[in-house]
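Contents: one structure, followed by commentary.
Computed from a predicted model, the values in this text were never measured in an experiment. Below, chain A is the first sequence line, B the second, and so on; all start at residue 1.
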2 protein chains.
Amino acid sequence: MTEPTHLGTREQILATALGLFTAQGYDATSLRQIADQLHMTKAALYYHFPAKEQLLLELTRPLLDGMSRLVTEMRADAQHDEARVLAAYLDLFLTHVDVVGLLSREPATQNHPDVGQRARSLVAAIQQLLTGPDPSPRRVVRTACAMGVIHSVPQIPIDVLDNQRDIVLTAALQALQTDDDTHVKSARA
Amino acid sequence: MTEPTHLGTREQILATALGLFTAQGYDATSLRQIADQLHMTKAALYYHFPAKEQLLLELTRPLLDGMSRLVTEMRADAQHDEARVLAAYLDLFLTHVDVVGLLSREPATQNHPDVGQRARSLVAAIQQLLTGPDPSPRRVVRTACAMGVIHSVPQIPIDVLDNQRDIVLTAALQALQTDDDTHVKSARA
DNA sequence: GTCTATAGGCAGATAGAC
DNA sequence: GTCTATCTGCCTATAGAC
């Protein structure tokens, strides 16, 4: 066991890595930078993690597992409520904002089977389950817009976002379920 | 992608670079890859472009100039119509989907003064002009959601997106202007 | 658990022949 | 305009001392 005051080197490394990955991207962040910021050497990092990739895996797993759970629940309950699903999805994003921001921005990670590919297939699954069977093109676009609202969460200033969860949720819901008679007035550019 | 008519080596290089940058990210794409795909060598690339960075600059300039123009127009017309602005913003995104996708995902480019920083300040300016003076937190979040809808455009399948412009636009508008009595039912997770 | 030292690779960029 | 050859620098990762 580590000392109560100490966060544990492992966790410190992960936290620092997340910060740098988020700020600069995964590729652009070298182990040297992570080590320097922790007043360590690269070699010390390799004592805790067998490879750079492992940092990414451990950072993203909690979010991805959460999304996985959501998909499972949606499949189990065919009559899932749209609002409940969007709410759960949003809360997942709020809990893991940093990781979401990293994943959505980082093309370097998007071909990794256990990270990018897994994330994409989970988002696709949720989107498809949310869209429902045999959807109209309109429904497909609307679902994408609703998820777009939630995906925009990482770009909202944190201080503003606090306690504004329901506003985002309402916006997402409205993007999804529109009265068909709501029209664009004179919006051509 | 490439026309049967000769495009000019310069344009071919730019097109190839955009494709690879979009697929893999800027950092992750080496000049060697670009050269290989064009059956050239790295050195040949350097005849046309003085540095890798220049590829990014030329690829993003059209979009950024368009956003710049929009900001200027908004500033000139204080009574700008929300719908018109969102429509113009959306059309900008539709015209430059690939570049938008690249820019929004690529942290490696986001600290470059003439690319990432410029893009961010332009988005911020549009957002602020759209939000209006002395906004409520709700208004700030709603504006972010509306722009989130438009920002989701690169993630909508292209074949579905065709002719669905107005659906996206309507969704964005609704995210922006909500009746305050629209409530979330039982959406707590 | 952390260090020094270094292997081995590939990146961006340049020089100069053709 | 395109090539070959090469420079320089930083990267991930490993070996082994303390």
Aromatic ring pairing F93(B)/H151(B), orientation class (parallel under 30°, perpendicular over 60°, tilted between): parallel
Residue Y46(B), side-chain heavy atoms: nucleotide from dG12(C), dT2(C), dT14(D) that is nearest: dG12(C)
Nucleotide nearest S30(B) when distance is taken to its side chain, options dG1(C), dT2(D), dA11(C): dA11(C)
Interatomic distance where CD1 belongs to I34(B) and C1' belongs to dG12(C) [whole Å]: 12 Å
Closest listed nucleotide, where the reference is the side chain of Y47(B) and the choices are dA13(D), dG1(D), dA13(C): dG1(D)
Atom pair distance, as rounded to whole Å: CG in D36(B) and P in dC3(D): 10 Å
T41(A) side-chain proximity, nearest of dT2(D), dC3(C), dT2(C): dC3(C)
Atom pair distance, as rounded to whole Å: CD in Q33(B) and P in dA11(C): 7 Å
N/O donor-acceptor pair under 3.5 Å between Q37(B) side chain and I34(B) backbone: no
Which residue lies more 5' along DNA chain D, comparing R32(A) with A43(A) via nearest heavy atoms: R32(A)
Value in whole Å for how far the P atom of dT12(D) lies from CG of L55(A): 10 Å
Minimum-distance nucleotide to L31(A) side chain [options: dT12(D), dT4(C), dT2(D)]: dT12(D)
Y26(A) backbone acceptor or donor facing K52(A) side chain under 3.5 Å: yes
Nearest-nucleotide 5' precedence on DNA chain C, K42(A) against K52(B): K42(A)
Steps toward side chain to side chain contact (heavy atoms under 4.5 Å, CB included) verdict (V141(B), C145(B)): CA-CA 6 Å; V141(B) 173; C145(B) 288; 4.2 Å; yes
Length of the line joining L45(A):CG and dC3(C):P, which is rounded to integer Å: 10 Å
Euclidean distance, atom CZ of residue R10(B) to atom P of dT2(D) [Å, nearest integer]: 13 Å
Upstream residue (5' side of DNA chain C) when Y26(B) and H48(A) are each assigned their closest nucleotide: H48(A)
Whole-Å gap separating C1' (dC10(D)) and CG (D27(A)): 13 Å
Minimum-distance nucleotide (side-chain atoms of M40(A) versus dT2(D), dC3(C), dA13(D)): dC3(C)
Donor-acceptor contact present, side-chain R165(B) to main-chain D91(B), <3.5 Å: no
